[in-house]
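Order of the sequence lines sets the chain letters (A, B, ...), proteins ahead of strands, with each chain counted from 1.
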Amino acid sequence: GAGVSQSPSNKVTEKGKDVELRCDPISGHTALYWYRQSLGQGLEFLIYFQGNSAPDKSGLPSDRFSAERTGGSVSTLTIQRTQQEDSAVYLCASSLVVGRNTEAFFGQGTRLTVV
Amino acid sequence: GNSVTQMEGPVTLSEEAFLTINCTYTATGYPSLFWYVQYPGEGLQLLLKATKADDKGSNKGFEATYRKETTSFHLEKGSVQVSDSAVYFCALSPYNNNDMRFGAGTRLTVKP
């Protein structure tokens, strides 16, 4: 597709359930990022994939969060045993590594509500 | 580590007022610097960028100058419009990778 696609756009889940959020980056983009945007808050970095390198997981808030990127393309963010504080908009972005002129393109996000 | 600090909002201005949103950064080497904007109900999109010291990024009447000596990249616009109401994010990309980091965002509301 022409842009970064995320699915679902909205997800309501019960506390304690697991959820999977999907991101389809722009074709050919080797860098992929996950961020979290809580209500009234800024962007919180979660994880960063770059090509075949080991991902930078330093932003994952707990071991309930994990992410993978298959074949260097599609990425899935998994949250296990969801808690109410996990409610937020989860944003995915991708970029083409072209030296210093990297621009990150964002998806529309997945709004997660844990009830 | 690499990080970005931007002024807290919200910022409320009248139409045609002058806008400044401060942004400072911490990074090794010479990062690339960005401003992203998120209009209501939309995703983040790039507003402007600068890749080396003293570069000025500009777009839609907004400007920001990469100041190495003060490690700053303040966003300015001489005359804001109601349509500029949005959340603005300062961001950096380190010189040796593309691990982008964002500031907390500043919400701007422009009143007619």
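In this structure, A:Gln108 has no side-chain hydrogen bond (donor to acceptor under 3.5 Å, both in side chains) partners at least two apart in sequence or on a different chain. Residues passing the side-chain hydrogen bond (donor to acceptor under 3.5 Å, both in side chains) test with B:Gln6 are B:Thr106, sequence neighbours excluded. Scored by the salt bridge (Lys or Arg N to Asp or Glu O under 4.0 Å) test, A:Arg111 finds no partners at all (sequence neighbours excluded).
If you measure heavy-atom distances from A:Thr30 to chain B, you find no contacts under 4.5 Å at all. With a threshold of 4.5 angstrom between heavy atoms, B:Glu42 approaches chain A through N, CA, C or O but not through any side-chain atom.
Annotation: the span from B:Tyr88 atom OH to B:Arg107 atom CZ amounts to 11.5 Å, rounded to 0.5 Å. Put simply, OG on A:Ser73 and CD1 on A:Ile26 are 11.0 Å apart, with the number rounded to the nearest 0.5 Å.
Contacts from residues 13-24 of chain A to chain B, taken as heavy-atom pairs separated by less than 4.5 Å, involve no residues at all.
Ring geometry, A:Phe106 versus A:Tyr35: the interplanar angle falls from 30° to 60°, so the pair is classed tilted.
Judged purely by distance below 3.5 Å, without hydrogens or angles, the side chains of A:Tyr48 and A:Gln50 pair a donor atom with an acceptor atom.
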